[in-house]
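Working notes, structure below.
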Amino acid sequence: MSRIAPTFAALAASKKTALVTFITAGDPGPDMTVPLMHALVAGGADILELGVPFSDPMAEGPVIQRACERALKFNVGIKDVFGFVREFRKTNQSTPVVLMGYANPIERIGSDAFIAKAKEAGADGAIVVDYPPEECEQFANAMRASDLDLIFLLAPTSTPERIAQVAKFGSGFSYYVSLKGVTGAGNIDVADVARRLAPIREHVKLPIGVGFGIRDGETAKAVAQVADAVVIGSRIIQEIEAAPKDQAVEAVQRFVAGIRSALDSEEA
C-alpha cells in the first residue's frame with residue numbers, strides 16, 4: 001500500500017479535507033524543488049503532486065506551461081525528478097508524493113523502469129494525463145504490484161464507460177477536472193461540480209479530489225463541501241513567479257497555509 005490511502009483515512013477520521021498541491025519539478029530552478037516541497041508540507045499540504053517537465057503539456061494552461069519551460073531550460077528530466085523525491089524522503093517519510101506528467105518520458109525509459117525507479121525514490125503514485133484507462137490495465141496492475149497508485153483524471157465530459165474504467169483500474173484517489181479547459185482557466189461552479197460528482201461516486205469508491213480553477217481560500221472551502229480533496233497548482237506557480245527567488249519558498253508556504261486555514265475553519 002502507498003501512503004495515499006492511509007493519508008485519506010486519517011484525514012477522514014479527523015473530518016478534514018485533503019489539500020493536494022502541485023509544483024513543477026525544476027521550477028524556478030533545480031535547487032528550489034526540494035525546499036518548495038518541504039514548504040508545501042509546512043504550509044499544510046497533505047499530498048504533493050510533482051510535475052515532470054514536458055515540452056508539450058497539453059492539459060496545462062499558460063502558467064504551468066511557463067513552469068515547464070523554465071525547468072526544461074535547466075534540462076530537468078524524469079531522472080532528476082526521481083532524485084528530488086529521493087532527497088525529499090531523507091527528511092520526510094510520511095507525505096505522499098505523486099508524479100504527474102505525460103506518457104512520453106515514461107515511454108522513453110520504459111514503464112517497468114519507471115515503476116522501479118519511482119518506487120525506489122519513494123514516490124507513491126502517478127498521474128499520466130495521456131494514458132487513457134481503457135489502455136492501462138497492464139500498467140495499472142504493474143503499478144499496484146509495486147504498491148504504487150495510478151490516478152486517473154475525470155472531467156465534466158467523461159462518459160459512463162470512462163468512469164467505469166477509472167473505477168476498475170484507478171487507485172489512491174480520482175482527480176476530477178472541474179472545468180472544460182486547461183489548468184488555471186475560469187472559475188469553478190461548485191453546484192455543477194456537486195451535480196456531476198454524484199453519478200461518479202456511484203461507480204468510483206475512491207476519494208475524489210477536485211482541481212483546475214481553485215485560486216483562493218473561499219473557493220477551496222466551497223469545493224471541500226463536495227470533494228474529499230482540494231487540488232491547487234497554477235495558483236501556487238503564480239506565487240513562485242511573483243516572488244524574488246530567495247523569497248519564493250516563504251511565499252509558497254504562506255499561501256498554502258492560508259488555504260489550509262480556510263479549509264480547517266470551515267471544518268471546525
Side-chain angles (χ1 to χ4, degrees), residues 1-5 7-8 18 20 22 47-52 54 56-61 64 78 81 96-119 123-183 192-213 226-231 233:
M1 180 183 294
S2 80
R3 298 169 181 85
I4 295 174
T7 294
F8 273 106
V20 182
F22 171 94
I47 297 172
L48 305 184
E49 289 181 3
L50 188 59
V52 179
F54 186 55
D56 188 24
M58 60 188 179
E60 318 300 350
I64 296 179
I78 195 165
V81 177
V97 176
V98 175
L99 307 182
M100 184 170 184
Y102 294 83
N104 184 274
I106 296 174
E107 297 292 329
R108 287 193 67 184
I109 67 170
S111 58
D112 289 342
F114 170 80
I115 291 170
K117 291 177 183 297
K119 177 68 174 178
D124 296 278
I127 300 170
V128 189
V129 175
D130 47 350
Y131 267 180
E134 294 85 356
E135 300 175 14
C136 272
E137 180 174 3
Q138 183 175 351
F139 184 63
N141 289 339
M143 289 277 285
R144 193 175 288 115
S146 292
D147 293 324
L148 296 171
D149 291 314
L150 185 58
I151 297 155
F152 289 104
L153 302 176
L154 288 167
T157 53
S158 293
T159 64
E161 292 76 17
R162 169 61 58 87
I163 293 168
Q165 289 295 114
V166 169
K168 186 175 181 180
F169 296 121
S171 61
F173 68 97
S174 291
Y175 186 157
Y176 179 74
V177 175
S178 63
L179 304 170
K180 297 177 183 177
V182 294
T183 56
D192 183 65
V193 171
R195 181 174 61 83
R196 293 180 184 275
L197 287 185
I200 290 174
R201 288 191 186 278
E202 293 179 8
H203 299 279
V204 177
K205 302 308 179 184
L206 297 169
I208 296 178
V210 173
F212 283 42
V226 300
D228 304 294
V230 170
V231 187

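Throughout, residue positions are numbered sequentially from 1 according to the sequence presented.
For the pair Pro133 and Val166, the tightest heavy-atom approach, listed with the atom from each and the gap, is CG-CG2, 3.9 Å. Annotation for Phe152 and Cys136: closest pair CZ-CB, 3.9 Å, computed over non-hydrogen atoms. Of all heavy-atom pairs between Ser158 and Ala155, the closest is OG-N, 2.8 Å.
Judged purely by atom type and a 3.5 angstrom limit, Asp124 has no side-chain atom pairing as donor or acceptor with the backbone of Ile4. With hydrogens and angles disregarded, a donor-acceptor distance shorter than 3.5 Å links the side chain of Ser178 to the backbone of Gly211.
For the atom pair Ile151 CD1 and Leu99 CG, the distance stands at 9.5 Å (nearest 0.5 Å). Note that the CG atom of Leu206 and the OG atom of Ser174 stand 4.5 Å from one another [nearest 0.5 Å]. Taken to the nearest 0.5 Å, the NZ atom of Lys168 stands 5.5 Å off from the CD atom of Glu137. To the nearest 0.5 Å, atoms CD (Glu161) and NE2 (His203) are separated by 9.5 Å. In this structure, CD1 on Ile208 lies 5.5 Å from CD1 on Ile200, to the nearest 0.5 angstrom. Of the inter-residue distances, the one linking Asp147 atom CG with Ile115 atom CD1 reads 11.5 Å to the nearest 0.5 angstrom.
Taking 4.5 Å as the limit, every side-chain heavy atom of Met143 sits out of range of all side-chain heavy atoms of Ser111. Inter-residue side-chain proximity for Val204 and Leu154 is flagged as met; some heavy-atom pair is nearer than 4.5 Å. Looking only at side-chain heavy atoms (C-beta outward), Tyr175 and Val20 stay at 4.5 Å or farther from each other. A heavy-atom distance below 4.5 Å is found between the side chains of Phe8 and Ile47. Side-chain contact between Tyr176 and Pro156 is present, with heavy atoms from C-beta onward closer than 4.5 Å. Contact check for Tyr102 versus Val52: no side-chain heavy atoms found under the 4.5 Å cut-off. Taking 4.5 Å as the limit, every side-chain heavy atom of Arg144 sits out of range of all side-chain heavy atoms of Leu150. By the 4.5 Å heavy-atom criterion applied to side chains, Glu135 and Phe169 are not counted as neighbours.
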After noting the C-alpha distance and the side-chain angles of Val226 and Arg201, does the key distance pass the side-chain contact (heavy atoms from CB on, under 4.5 Å) rule? CA-CA 11 Å; Val226 300; Arg201 288 191 186 278; over 6 Å; no
Would you please test Arg3 and Val97 for side-chain contact (heavy atoms from CB on, under 4.5 Å) and show each step? CA-CA 8 Å; Arg3 298 169 181 85; Val97 176; over 6 Å; no
Where do Val210 and Leu197 land on the side-chain contact (heavy atoms from CB on, under 4.5 Å) test, with the steps shown first? CA-CA 10 Å; Val210 173; Leu197 287 185; 4.1 Å; yes
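The environment of Arg108 atom CZ is sparse: at most 12 non-hydrogen atoms of other residues, nucleotides or ligands sit within 6.0 angstrom.
Below 30°, between 30° and 60°, or above 60°: for Phe139 and Phe114 the angle between ring planes is between 30° and 60°, a tilted geometry.
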